[in-house]
Amino acid sequence: MASHSVTQAIIDLSAGACGGTACVLSGQPFDTAKVKMQTFPSLYRNFIHCLISVYKQFGLQGLYQGTTPALIANIAENAVLFMSYGFCQNVVRFVSGLERDKELSNVQKACSGSVASIFSSMVLCPTELVKCQLQAMHEMEASGKITSGQKSTVWSVVRNVIRTNGPLGFYQGLSTTIVREIPGYFCFFGGYELSRSMFAQYMGRDKEHIGVVPLMFSGGFGGACLWLVVYPIDCVKSRIQVLSLAGRQEGFLKTLMGILRNEGVRPLYSGLTPTMIRTFPANGALFLAYELSRKMMMQQFDH
C-alpha cells in the first residue's frame with residue numbers, strides 16, 4: 001500500500017480508469033445487444049438474431065453504437081468505484097479495529113465494494129442514460145415512440161435531455177441504478193475475491209501471484225455473480241432511461257409493475273445471454289488491467 005492516502009487514491013483512480021477502458025473495448029457489442037433486447041424484447045428472437053440484424057443494417061459501427069458515452073461511463077464509474085473501494089476498505093478496517101495494512105476477509109471486501117458503488121452510481125447514471133438512448137434510438141423511431149430522422153450522436157442526445165427534462169433529466173433511473181449497484185457490487189467483489197482465494201489455495205500461493213488466466217476468470221466470475229443477481233433491476237433501469245427519450249418516465253416500482261402486468265416475467269431477463277457471454281472477457285479484462293496497472297504504479301511510488 002502506498003505510504004500516503006492521497007497517492008493511494010490517485011493510484012486506485014487511475015487503475016480503475018484503465019480497467020474501465022479495457023472492459024468497454026472488449027464487450028461493447030454484447031452490451032448493445034443487451035440494451036436493445038431489454039428495451040424491445042419482442043423485436044428480437046435471441047441475441048444472435050439481434051447482433052445479425054444490427055450488423056446488417058448498420059455494420060460494425062452499429063454494434064459499437066454508444067461506445068463514446070460507454071467509455072466515459074465505465075472510465076468514470078470504475079475510477080470512482082475503485083478509489084471509493086480503497087477508501088471503504090480503510091473504513092471497514094477502522095470499524096473492525098484492524099490495522100491499516102491488515103488484509104480484509106472476502107466478506108469485508110464485498111461490503112466495501114457494495115458501499116463504494118453508491119458513489120460510482122452518481123457518475124455512472126448520466127453517462128449510462130446517454131449510452132442506452134443512443135443504443136436504442138433506431139428501435140424508438142421504428143416503434144413510433146419518437147419522430148424519425150433524429151440525429152443519433154452523443155451531443156444530440158445530451159441536448160435533447162436538457163431541452164426535455166433539464167439537467168436533472170440525466171439522473172432518470174438513478175434510484176434504480178443505486179438499487180442495482182449495492183447488492184450487485186457486493187456479489188461482484190465478493191465473487192472476485194472468493195474465486196481468487198480458491199485459486200490461491202489450490203495453487204499454494206498468495207492471491208497476488210495466481211497468474212493472468214485465473215485472475216481474468218475471477219473477474220469474469222465476479223461479473224457473472226453480479227448480473228445473475230441484479231439483471232431484472234438493470235432491465236427496468238434500461239427501460240426507464242431509453243423510454244425517457246419520449247418524455248419523463250415513471251419510477252422504478254411503477255415501471256417494474258407495468259412490465260410484470262403487461263408482459264410477464266420473461267422480458268425482465270431478455271438480453272441475459274449476451275450479458276453472461278460478455279461478462280467473462282469484459283470483466284476479466286477489467287480486473288486484469290486494474291490489477292496490472294495498479295501493481296505497476298505501486299512499484300513506481302514505492303521506489
Side-chain angles (χ1 to χ4, degrees), residues 20 23-24 27-44 46-47 50 65-66 69-70 73-74 76-78 81 113-114 116-118 120-136 139-140 170-191 219-245 249-260 263-280 282-283 286:
C23 181
V24 172
Q28 184 63 13
F30 294 102
D31 184 70
T32 298
K34 172 187 78 97
V35 171
K36 287 178 181 292
M37 292 176 71
Q38 283 179 328
T39 317
F40 296 93
S42 59
L43 286 183
Y44 303 105
N46 51 51
F47 94 95
C50 180
Q65 187 76 291
N74 273 270
E77 180 198 16
N78 286 292
L81 176 68
S114 185
S117 71
I118 298 172
S120 64
S121 297
M122 300 297 178
V123 296
L124 174 66
C125 186
T127 48
E128 199 164 65
L129 179 131
V130 175
K131 174 189 74 73
C132 288
Q133 290 193 0
L134 273 173
Q135 289 174 320
E139 287 77 6
M140 287 291 283
F170 289 106
Y171 285 92
Q172 290 200 77
L174 176 62
S175 59
T176 313
T177 302
I178 293 173
V179 167
R180 178 192 72 176
E181 302 288 82
I182 291 175
Y185 276 100
F186 180 89
C187 299
F188 184 63
F189 284 104
F221 180 73
C225 292
L226 181 151
W227 286 114
L228 284 172
V229 169
V230 306
Y231 195 81
I233 304 172
D234 184 71
C235 185
V236 175
K237 179 202 70 68
S238 292
R239 287 281 186 107
I240 291 170
Q241 292 186 321
V242 170
L243 295 178
S244 68
L245 262 171
Q249 261 308 104
E250 293 177 329
F252 171 72
L253 282 176
K254 282 190 176 180
T255 304
L256 173 62
M257 296 311 295
I259 294 171
L260 291 173
E263 303 170 54
V265 175
R266 189 181 177 88
L268 291 174
Y269 289 91
S270 183
L272 181 60
T273 302
T275 302
M276 295 306 292
I277 293 172
R278 167 186 174 268
T279 194
F280 276 88
N283 288 296
L286 186 155

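Residue indices begin at 1 and follow the sequence shown.
The line from CZ of Phe188 to CH2 of Trp227 is 10.0 Å long, rounded to the nearest 0.5 Å. Taken to the nearest 0.5 Å, the OG1 atom of Thr177 stands 11.0 Å off from the CD atom of Gln172. Note that CG of Leu228 is 9.0 Å distant from SG of Cys187, once rounded to the nearest 0.5 Å. Separation of atoms SG (Cys235) and CZ (Arg180) is listed at 11.5 Å; rounding is to 0.5 Å. Between atom OG1 of residue Thr255 and atom CG of residue Leu243 there is a gap of 8.0 Å, rounded to the nearest 0.5 Å. Separating the CD1 atom in Ile233 from the OG1 atom in Thr176 is a distance of 8.5 Å, to the nearest 0.5 Å.
In this structure, Ala116 and Leu81 approach most closely via the heavy-atom pair CB-O, 3.7 Å. Counting all heavy atoms, side chain and backbone alike, Val123 lies closest to Thr127 at O-OG1, 3.2 Å. Minimum heavy-atom separation, Val242 to Ala136: CG1-CB, 3.6 Å. Counting all heavy atoms, side chain and backbone alike, Gln241 lies closest to Cys132 at OE1-SG, 3.8 Å.
A distance-only check finds a donor-acceptor pair linking the side chain of Thr32 to the backbone of Gln28 [under 3.5 Å]. At least one donor-acceptor pair under 3.5 Å links the side chain of Ser120 to the backbone N or O of Ser117. Using a distance-only test at 3.5 Å, with no hydrogens or angles considered, no donor-acceptor pair links the side chain of Ser114 to the main chain of Pro183.
Contacts of Pro267 classified as side chain to side chain contact (heavy atoms under 4.5 Å, CB included), with partners at least two apart in sequence or in another chain: Pro41, Arg239, Ile259, Glu263. With sequence neighbours excluded, the residues satisfying side chain to side chain contact (heavy atoms under 4.5 Å, CB included) with Pro29 are Leu63, Tyr64. Scanning for side chain to side chain contact (heavy atoms under 4.5 Å, CB included) contacts around Leu43 gives Phe40, Glu139, with sequence neighbours left out.
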Evaluation steps, side-chain contact (heavy atoms from CB on, under 4.5 Å), between Asn78 and Leu286: CA-CA 9 Å; Asn78 286 292; Leu286 186 155; 3.5 Å; yes

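Phe186 has its side chain out of reach of Val229: every pair of non-hydrogen atoms, C-beta onward, lies at least 4.5 Å apart. Residues Val230 and Leu226 form a side-chain contact, since some pair of their non-hydrogen atoms from C-beta on lies under 4.5 Å apart. A 4.5 Å side-chain heavy-atom check between Lys237 and Glu128 finds at least one atom pair inside the cut-off. Using a 4.5 Å heavy-atom threshold, the side chains of Leu268 and Leu260 count as touching. With a 4.5 Å cut-off on side-chain heavy atoms, Phe170 and Cys125 do not count as touching. In this structure the side chain of Met37 never reaches within 4.5 angstrom of the side chain of Thr273, judged on heavy atoms.
None of Gln38, Gln135, Lys36, Lys131 except one satisfies the side chain to side chain donor-acceptor pair (under 3.5 Å) rule with Ser238; the exception is Gln38.
Ring-plane geometry between Phe30 and Phe47 is classed as tilted, the angle between the planes lying from 30 to 60 degrees on a 0 to 90 degree scale.
Checking Ser244 against Gln133 by side-chain atom types alone, a donor-acceptor pair falls below 3.5 Å.
Surrounding CZ of Phe280 are more than 12 heavy atoms belonging to other residues, nucleotides or ligands, all under 6.0 Å away.
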